[in-house]
Amino acid sequence: MEDVDVVIVGAGSAGLSAAKTLRAAGLSFRLFEAMNRIGGRAWTSDQHFGAPFDIGCAWLHAADRNPYFAEAQAAGWTLHHHDMNVDHLYYRKHKASEAEEAEMKAADARLFQCSPRIR
Ligand SMILES: Cc1cc2nc3c(=O)[nH]c(=O)nc-3n(C[C@H](O)[C@H](O)[C@H](O)COP(=O)(O)OP(=O)(O)OC[C@H]3O[C@@H](n4cnc5c(N)ncnc54)[C@H](O)[C@@H]3O)c2cc1C
């Protein structure tokens, strides 16, 4: 194998970002990925539910400082701003009523109070 400046293990977000940074810096690299796809824990499947489903990450947190935000815009993706509240809640096939949604939010708030780890 030819010599390279850097070897990257894993083609998840971190590995792909490292590759991009190295390329911009003019350094050579080799990127190894154990699976038959790139993306790591960022993976949208179109095979499980008949519609695209984010099995791993789905949100661009902190869009004001998330580097992926500008990249997604530049790539022409439609980005939906969200206030972290639940938009669409379903119980099996029926959309939650306002009362059910309020009940879920109250339960979520109680859970938040109980768990020191998610405070
Ligand atoms: C269910 C779920 C929901 C999430 N939701 C969000 C979200 O909404 N927003 C958000 O910002 N983040 C979210 N995250 C977190 C986000 O997905 C991860 O922080 C991010 O994808 C991690 O990227 P990474 O490159 O560090 O690691 P990974 O994505 O884990 O990539 C590591 C890669 O290295 C490969 N690898 C490992 N060992 C080897 C080896 N020895 N040789 C070759 N390859 C190897 C793996 O196969 C993998 O492809 C979520 C995660 C999960 C699981």
Side-chain angles (χ1 to χ4, degrees):
M1 184 170 49
E2 78 198 73
D3 276 351
V4 289
D5 295 313
V6 179
V7 170
I8 305 168
V9 179
S13 175
L16 294 173
S17 298
K20 187 177 176 191
T21 302
L22 291 166
R23 179 179 290 162
L27 294 169
S28 62
F29 61 87
R30 184 148 314 233
L31 175 56
F32 290 99
E33 170 52 54
M35 294 193 289
N36 62 358
R37 62 167 179 82
I38 64 168
R41 281 173 279 167
W43 178 33
T44 305
S45 166
D46 56 6
Q47 290 169 3
H48 289 80
F49 300 107
F53 180 78
D54 292 312
I55 290 180
C57 63
W59 300 82
L60 294 177
H61 295 281
D64 56 332
R65 55 188 185 282
N66 188 326
Y68 280 125
F69 186 82
E71 295 214 8
Q73 273 185 320
W77 288 88
T78 304
L79 296 160
H80 300 280
H81 288 272
H82 196 281
D83 65 2
M84 299 298 285
N85 275 323
V86 171
D87 273 350
H88 304 287
L89 176 65
Y90 281 81
Y91 291 108
R92 295 187 184 278
K93 287 190 173 173
H94 90 264
K95 187 165 178 7
S97 65
E98 278 184 28
E100 286 169 328
E101 223 172 85
E103 197 179 313
M104 189 281 301
K105 283 180 183 167
D108 194 41
R110 286 198 300 276
L111 180 66
F112 194 74
Q113 298 262 315
C114 292
S115 172
R117 276 201 241 162
I118 56 174
R119 267 186 208 153

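Since this is a predicted model, take the numbers as computed values, not measurements. Whatever order the structure lists ligands and atoms in, that order sets their numbers, starting from 1.
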- In Å, rounded to the nearest 0.5 Å, how long is the span from CG of Leu79 to CD of Gln73? 6.0 Å

- Message: For Arg23, give me all partners under side chain to side chain donor-acceptor pair (under 3.5 Å), at least two apart in sequence or on another chain.
- Response: none

- Query: Heavy atoms, side chains only, cut-off 4.5 Å: are Ile8 and Leu16 in contact?
  - Reply: no

- Message: Please enumerate all residues that pass side-chain contact (heavy atoms from CB on, under 4.5 Å) together with Ala62, with sequence neighbours excluded.
- Response: Asp64, Arg65

- Item | Pairing residues for Ala96 by the side-chain contact (heavy atoms from CB on, under 4.5 Å) criterion, not counting sequence neighbours | Leu89, Tyr91, Glu100

- Which heavy atom of Ile55 sits nearest a heavy atom of Ser45, and at what distance? CD1-CB, 3.6 Å

Taking a 3.5 Å cut-off between nitrogen or oxygen atoms, can you list every pair linking ligand 1 to the protein, with distances?
unit_1   : atom_1 : unit_2 : atom_2 : d
ligand 1 : 8 (O)  : Ala58  : N      : 3.1
ligand 1 : 8 (O)  : Trp59  : N      : 2.9
ligand 1 : 9 (N)  : Trp59  : O      : 2.9
ligand 1 : 9 (N)  : His61  : NE2    : 3.3
ligand 1 : 25 (O) : Ser13  : N      : 2.9
ligand 1 : 25 (O) : Ala14  : N      : 2.8
ligand 1 : 27 (O) : Arg41  : NH2    : 3.3
ligand 1 : 29 (O) : Arg41  : N      : 2.7
ligand 1 : 30 (O) : Arg41  : NE     : 2.8
ligand 1 : 30 (O) : Arg41  : NH2    : 3.4
ligand 1 : 44 (N) : Ala34  : N      : 3.0
ligand 1 : 47 (O) : Glu33  : OE2    : 2.7
ligand 1 : 49 (O) : Glu33  : OE1    : 2.7
ligand 1 : 49 (O) : Glu33  : OE2    : 3.1

